[in-house]
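First the proteins, then the strands, lettered A, B, ... as listed; each starts at 1.
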There are 2 protein chains.
Amino acid sequence: MSAPTIRLAVDAVVFGYDPKDGISVLLIQRKYDPFKGGWAIPGGLVLENENLETAVERELEEETGVKVDYLEQLYTFGELNRDPRNRVVAVAYYGLVKKSDFHLYASTDADDAKWFNWTELPELAFDHVKILETAIERLKGKIRYEPIGFELLDDKFPFSDLHKLYEAILEVDIDRRNFKKKFLQLDILNELDEKISEGKGRPGSLFQFNSDRYFAMKKAGINFEV
Amino acid sequence: MSAPTIRLAVDAVVFGYDPKDGISVLLIQRKYDPFKGGWAIPGGLVLENENLETAVERELEEETGVKVDYLEQLYTFGELNRDPRNRVVAVAYYGLVKKSDFHLYASTDADDAKWFNWTELPELAFDHVKILETAIERLKGKIRYEPIGFELLDDKFPFSDLHKLYEAILEVDIDRRNFKKKFLQLDILNELDEKISEGKGRPGSLFQFNSDRYFAMKKAGINFEV
DNA sequence: TAGTATTATTGTATGTAGTACACAAAATGA
DNA sequence: TCATTTTGTGTACTACATACAATAATACTA
């Protein structure tokens, strides 16, 4: 009996963030059928001598020019007819990037890779809606007990950016003062002497994620939770 | 270019429970090389026209006779050399069963499927140690915010069984009285009139998981957490 | 059958953490 | 200089987690 001819693909849901625009998702416009001209999550077939993560990073780089800061496996989608041509099983990943690192790609409408606000997404090819929903669900869950939010922010950020990020992801209002109190007592942020004024209002201190401290605490069994 | 010949497999970590023996894992003894005679997680190749979950259930049934009550995708393992023969990517699942439903298999030493206490596992084939560790980690995490524990208990159970289950899975001592108080105020258990005496000591009331109520609460956005 | 061991049930006191607020301070712009 | 905006700091109240004790109902045994 010959081996079943099941093709293996990887797909990546990449999230970006901007305090003004909220959460966005990186999509590509398909050049070929099926779904030619339609929007889709970046991805493609895994090569025979390639690790899954390598494949995701390669496809992302090829199709969008983006290199993710954070990448995590999401779920494997294996329904029989998810691809009209062949049996394709897709291992989906989700990634987080600092959008400002890739300004050229993100703002170029002419390119076939584009950021979409996650509340205003176009129709998606294949079962990519389902993949995206799974990724959003995961992001919402994960942000509450892992400090992955910093992958979406600049290295130094005013506290309000972090606050707005959590409100944007969780889609709820969070009391500014209580959030800050709670977050600061986790003791994984460094408050810098620098201040930043963003137009109007009192300027705020800049903060930095203290990842050394976080990993030390995690190792010691102290759990993070927001 | 022909499609890469990557084989796709599914593996299943099946957990069982007994108040006396604690958590156990279902393993099979391999009949063929590689790792002939060694112990492994049940699993096998996915057929071309078969869904992933169907494949897991089929392999489990074929190799162990067990039908799981609860099955969830765990993680996909795709390292290049995880199988010495070919490139095999494995979609791992984990399942929970009421061990008492399969007494025949569980207690038959002669069979090549056997329950092992999760603290006394034999050497495992392939990268199955890693898969098992991932499954244990997931189980420990999931049990705290999803009522999956009931899949391991009989339909009606004394409260002490539930208490011992949580202690066994989380591997910590939990105050009996506080645990009961907390769990009861979640309001997802029915207390029955029946009592059960298990040898010695005061007999306790039997409880039942009220899944209707749980799903109604979940739908209403009320979160479960222990 | 009385006493002992074992397990279940119920309750309370205490501290910590979450929640809902109010007000002062530092900037901008009219 | 006054209104507006945003940040920084504080407080009262409530709810929940934690630690711990006393009583009740069964089995076992002497």
Side-chain angles (χ1 to χ4, degrees), chain A residues 18-22 143-145 147 153-154 156-168 170-208 217 221-226, chain B residues 18-22 143-145 147 153-154 156-168 170-208 217 221-226:
Chain A
D18 187 284
K20 284 184 295 294
D21 309 328
I143 194 95
R144 294 192 47 224
Y145 59 93
L153 297 175
D154 293 330
K156 301 172 180 181
F157 53 87
F159 201 88
S160 58
D161 277 11
L162 187 65
H163 175 231
K164 282 174 205 156
L165 172 64
Y166 273 78
E167 287 193 324
L170 298 174
E171 295 181 296
V172 290
D173 287 337
I174 303 171
D175 185 274
R176 184 176 53 90
R177 299 153 290 189
N178 292 335
F179 180 76
K180 187 170 181 181
K181 197 197 304 174
K182 193 170 176 182
F183 219 108
L184 287 183
Q185 74 191 13
L186 294 174
D187 203 23
I188 56 172
L189 292 185
N190 290 339
E191 184 166 0
L192 307 176
D193 283 336
E194 308 169 56
K195 293 192 186 304
I196 193 173
S197 74
E198 292 184 313
K200 45 191 170 178
R202 175 175 173 172
S205 301
L206 289 178
F207 289 82
Q208 229 174 358
M217 290 175 72
I222 299 171
N223 279 19
F224 163 91
E225 194 172 333
V226 183
Chain B
D18 188 284
K20 284 184 295 294
D21 309 329
I143 193 99
R144 294 192 47 225
Y145 59 92
L153 298 175
D154 292 329
K156 301 173 181 181
F157 53 87
F159 201 87
S160 57
D161 276 11
L162 188 65
H163 176 231
K164 283 176 203 153
L165 172 65
Y166 273 78
E167 287 193 324
L170 298 174
E171 296 182 294
V172 289
D173 288 337
I174 302 171
D175 186 275
R176 191 171 42 89
R177 299 154 289 189
N178 292 335
F179 179 76
K180 186 170 182 180
K181 198 195 305 175
K182 194 170 175 180
F183 218 108
L184 286 184
Q185 73 192 15
L186 293 174
D187 203 21
I188 57 172
L189 291 184
N190 290 339
E191 183 167 1
L192 307 176
D193 283 336
E194 309 170 55
K195 295 192 184 301
I196 193 174
S197 72
E198 291 184 316
K200 45 192 168 177
R202 174 176 174 172
S205 303
L206 290 178
F207 288 83
Q208 229 175 358
M217 290 174 74
I222 299 170
N223 280 19
F224 164 91
E225 194 172 332
V226 184

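Here B/K195 pairs with B/P203, B/S205 under the side-chain contact (heavy atoms from CB on, under 4.5 Å) rule; sequence neighbours left out.
Checking side-chain atoms of B/D175 against main-chain N and O of B/N178 turns up a donor-acceptor pair under 3.5 Å. Proximity of a side-chain donor or acceptor of A/E191 to a complementary backbone N or O of A/F207 within less than 3.5 Å is not detected. With hydrogens and angles ignored, the 3.5 Å screen pairs no side-chain donor or acceptor of B/H163 with any backbone N or O of B/R177. One N or O on the side chain of B/D18 and one on the backbone of B/K20 form a donor-acceptor pair closer than 3.5 Å. Judged purely by atom type and a 3.5 angstrom limit, A/E167 uses its side chain to pair as donor or acceptor with the backbone of A/I174.
One interatomic measurement links the two molecules: CZ of B/R176 to C1' of D/dC20, which rounds to 11 Å at whole-angstrom precision. In this structure, B/F179 places its CZ atom 19 Å from C1' of C/dG11, rounding to the nearest Å. The CD1 atom of A/I196 sits 13 Å away from the C1' atom of C/dA27 (whole-angstrom rounding). Remark: C1' of C/dA8 and CG of B/L192 are 16 Å apart, rounded to the nearest angstrom. Taking atom NE2 of A/H163 as the reference point, atom P of D/dT7 lies 10 Å away to the nearest angstrom. Between the P atom of D/dC16 and the NZ atom of B/K182 lies a distance of 11 Å, rounded to the nearest Å. Taking atom CG of residue A/D173 and atom P of nucleotide C/dT19, one finds them 14 Å apart after rounding to whole Å. Atom CG in B/D193 sits about 13 Å away from atom P in C/dT9, given to the nearest Å.
Side-chain nitrogen and oxygen atoms of A/K180 include at least one within less than 4.0 Å of the OP1 or OP2 phosphate oxygen of D/dG8. Residue A/Q185 has a polar side-chain atom (N or O) positioned under 4.0 Å from OP1 or OP2 of C/dG18.
Toward the 5′ end of DNA chain D lies the nearest nucleotide of A/P158, the other residue of the pair A/P158 and B/E225 mapping further downstream.
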Short heteroatom pairs, N/O only, protein and nucleotides 2-7 of chain C, under 3.5 Å:
from  : atom 1 : to     : atom 2 : distance (Å)
C/dT7 : O2     : B/R202 : N      : 3.2

Polar pairs (N or O, both sides) under 3.5 Å between protein and nucleotides 10-12 of chain D?
from   : atom 1 : to     : atom 2 : distance (Å)
D/dT11 : O4     : A/K181 : NZ     : 3.2

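Ring geometry, B/F179 versus B/Y166: the interplanar angle falls from 30° to 60°, so the pair is classed tilted.
When ring centroids are compared, B/F224 and B/Y145 stay outside the 6.0 Å threshold.
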Could you check A/L170 against A/R144 for side chain to side chain contact (heavy atoms under 4.5 Å, CB included), going step by step and ending with a plain yes or no? CA-CA 9 Å; A/L170 298 174; A/R144 294 192 47 224; 4.1 Å; yes
